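Numbers restart at 1 for each chain; the letters A, B, ... are given by sequence-line order, proteins then strands. Only a predicted model underlies this, so the values are computations on that prediction, with no experimental measurement involved. Below, all heavy atoms of this structure are taken into account, side chains as well, without hydrogens, waters or symmetry copies.
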2 protein chains.
Amino acid sequence: MERPDELFLKRVFDYYFEAPLSVWATITPHLEHRNYKKNETIKEVGQTEHHIDIIIKGSIGVFFWTDNHPKCIDLFYEDYFSCDYMSYIESKPSELFVQALENTEVFTISRTKINELSEGNLMGNKIIRAAAQSLFLHKQRQQIEMLTLTAEERYKKMLMEQPDLINRTASKHIASYLGVTPESLSRIRNKVS
Amino acid sequence: MERPDELFLKRVFDYYFEAPLSVWATITPHLEHRNYKKNETIKEVGQTEHHIDIIIKGSIGVFFWTDNHPKCIDLFYEDYFSCDYMSYIESKPSELFVQALENTEVFTISRTKINELSEGNLMGNKIIRAAAQSLFLHKQRQQIEMLTLTAEERYKKMLMEQPDLINRTASKHIASYLGVTPESLSRIRNKVS
DNA sequence: AGTAAAACATATCATAGGTCAAGTTTTTTG
DNA sequence: CAAAAAACTTGACCTATGATATGTTTTACT
């Protein structure tokens, strides 16, 4: 009766939104299965984001350029939504780019479909609202961590809370996500272990 | 016909939400006019936020404690909404506290009223969704500035974009909002002028 | 207005983390 | 599987900012 895809989605939606069955039943048929190769650029700087991905397997990073280095402001993994939300929300190009960090498998849904499904639809709107709120909370927690903890403490925290991710993700991306240079992270890792 | 209060609100809502007249007409009667004294604590650490304020005059800061110093993560002024959104969204106590930085005049609306007005109401939900999205964008911009600019550059930017606010707000709060110590900001100000 | 307290400025010193450069290891690719 | 490229490590040095301490100015209070 239910394909594995649908079970996966049901779990993700339940987790995030406590959405009733009818909602994910509405959404499922409009999701497109897609694969990204490792290091594939999903959205370039200057382009507008028109999709949201739900990650089934793999990881995706959101970056911007400073000098000649990419800086990572978000890391997304299995079960998470991935998107350049800044561009998506404003519906205009952003300075951010989005890249697959591993071979990555997603369900993707277009802005058009999302609008269609939520237009005049209270539950659809509630879901988007819940999503925006959880994005805000995540950003504010990042901000507080950045102001409260040293680089070493931030690394240790990540090590505690997401040990597998540290192995799967390139050091340079972890470094920039933690707000330090690769050299600094290297020293920190050395010291910690 | 229209009281000044209503004109003010109409302007604010138009600006943020492009909401039709019917919406602010629905909301207006449920707003309560309130005054905070300078340095008055609006929400303490450990309490849950149940209100959103719309600032008519004055300014409000959102803080948390590190060691024995308050750190400012948000500054709100005239025409802006003010709230410990973290606590409001999760509807549970937060580590943040909220303080009036000047004698401040607001319209305040309770969570109960907001829920009542938006329950089953599509436009109400859209407004809340727009609010959540704009909060996220603000936080992400803060994050990018923090990673891109030095303390001095952040100060100069604030000086350019909000010169009056710098005069109205205590240096220590500006400093912590910019992510530096008061001593550092003092040096920066000295250097810049 | 006068006193106490808080905020701000300035100086010195300490340090986390950045920069640059030279290895070493790992990954990619022909 | 070898060569090239990219990623990571390590070291020496530097700089922005933090910590502490002291003096000065501003603000708050009776």
Side-chain angles (χ1 to χ4, degrees), chain A residues 36-41 58-59 61 63 65-72 75 99-104 143 145-159 165-193, chain B residues 36-41 58-59 61 63-72 75 99-104 145-159 165-193:
Chain A
Y36 302 119
K37 283 248 175 69
K38 180 168 178 173
N39 294 328
E40 181 178 344
T41 298
S59 52
F63 301 87
W65 287 101
T66 334
D67 309 308
N68 295 310
H69 299 284
K71 294 229 180 188
C72 179
L75 290 174
Q99 227 169 35
L101 307 180
E102 303 171 287
N103 290 328
T104 298
Q143 180 188 27
E145 267 186 29
M146 204 67 183
L147 293 172
T148 313
L149 307 178
T150 63
E152 186 177 331
E153 289 167 331
R154 274 173 268 149
Y155 176 71
K156 280 181 181 163
K157 187 154 189 276
M158 193 171 185
L159 206 57
L165 304 187
I166 287 194
N167 298 321
R168 285 167 51 188
T169 311
S171 271
K172 58 176 182 173
H173 294 142
I174 303 273
S176 102
Y177 184 67
L178 294 175
V180 295
T181 57
E183 292 92 332
S184 260
L185 180 58
S186 189
R187 266 174 238 136
I188 289 170
R189 296 176 79 154
N190 193 352
K191 189 179 165 194
V192 167
S193 68
Chain B
Y36 302 120
K37 281 247 176 69
K38 179 168 180 177
N39 295 327
E40 181 178 343
T41 298
S59 51
F63 302 86
F64 68 93
W65 287 101
T66 334
D67 308 308
N68 294 309
H69 299 284
K71 295 231 180 188
C72 179
L75 289 174
Q99 226 168 37
L101 307 179
E102 303 171 286
N103 290 329
T104 298
E145 267 185 30
M146 205 68 184
L147 293 172
T148 313
L149 307 178
T150 63
E152 185 177 332
E153 289 166 332
R154 274 174 268 149
Y155 176 71
K156 280 183 181 162
K157 185 154 189 276
M158 194 171 184
L159 207 57
L165 304 187
I166 289 194
N167 298 321
R168 286 168 51 189
T169 310
S171 271
K172 58 175 181 173
H173 294 142
I174 304 273
S176 101
Y177 184 68
L178 294 175
V180 295
T181 56
E183 293 89 336
S184 259
L185 180 58
S186 191
R187 263 173 277 167
I188 290 169
R189 296 176 80 154
N190 193 349
K191 189 179 164 195
V192 166
S193 67

Inset, instruction - To the nearest Å, give me how far apart NZ (A:Lys37) and C1' (C:dT28) are. - result: 14 Å
Legend entry - Nucleotide D:dA7, atom C1' - distance to CZ of A:Arg168 in whole Å: 19 Å
Legend entry - Salt-bridge present (B:Arg187, B:Glu183; N to O < 4.0 Å): no
Legend entry - Quiz item: A:Arg187 side-chain donor-acceptor pair to C:dT15 base, under 3.5 Å: no
Legend entry - Separation of D:dA16 P from B:Leu149 CG (nearest whole Å): 15 Å
Inset, instruction - Specify the separation, in whole Å, of atom CG of B:Leu185 and atom P of C:dC8. - result: 9 Å
Legend entry - A:Ser176 versus A:Cys72, closest heavy-atom pair with distance: OG-N, 2.6 Å
Inset, instruction - For B:Lys191, report the nucleic acid contact type (base, sugar-phosphate, nothing); a contact means any heavy atom under 4.0 Å. - result: nothing
Inset, instruction - May I ask you to verify if any side-chain N or O of B:Asn190 is less than 4.0 angstrom from the OP1 or OP2 atom of C:dA9? - result: no
Inset, instruction - Would you please confirm or rule out a distance under 4.0 Å between OP1 or OP2 of D:dT9 and any side-chain N or O of A:Ser186? - result: yes
Legend entry - Phosphate OP1/OP2 of C:dT27: any A:Lys38 side-chain N/O under 4.0 Å: no
Inset, instruction - Take A:Gln99 and A:Thr104, measure what side-chain contact (heavy atoms from CB on, under 4.5 Å) needs, and give me the verdict at the end. - result: CA-CA 10 Å; A:Gln99 227 169 35; A:Thr104 298; over 6 Å; no
Legend entry - Whole-Å gap separating P (D:dT17) and NZ (B:Lys71): 13 Å
Inset, instruction - Rounded off to whole Å, could you give me the NZ-to-P distance for the B:Lys172 and C:dA6 pair? - result: 9 Å
Inset, instruction - Using a 4.0 Å heavy-atom cut-off across all strands, classify B:Glu183 as base, sugar-phosphate, or nothing. - result: base
Inset, instruction - Assign B:Ser171 to base, sugar-phosphate, or nothing according to its heavy-atom contacts below 4.0 angstrom with the strands shown. - result: sugar-phosphate
Inset, instruction - Determine, for B:Glu102 against B:Arg168, whether the closest basic-nitrogen to carboxylate-oxygen distance falls under 4.0 angstrom. - result: yes
Legend entry - Distance in angstrom units between B:Met146 CE and D:dT17 P, rounded: 10 Å
Legend entry - OP1 or OP2 of C:dG17 under 4.0 Å from side-chain N/O of A:Thr181: no
Inset, instruction - Identify the two heavy atoms, one from A:Leu165 and one from A:Ile174, that lie closest to each other, and give their separation to 0.1 Å. - result: O-CD1, 4.3 Å
Legend entry - Whole-Å distance separating the NE2 atom of A:His69 from the C1' atom of C:dT19: 10 Å
Inset, instruction - Select one nucleotide: of C:dG17, C:dC8, D:dG18, the one nearest the side-chain heavy atoms of B:Ala170. - result: C:dC8
Legend entry - Position toward the 5' end of DNA chain D (nearest nucleotide), A:Arg189 or B:Ile188: A:Arg189
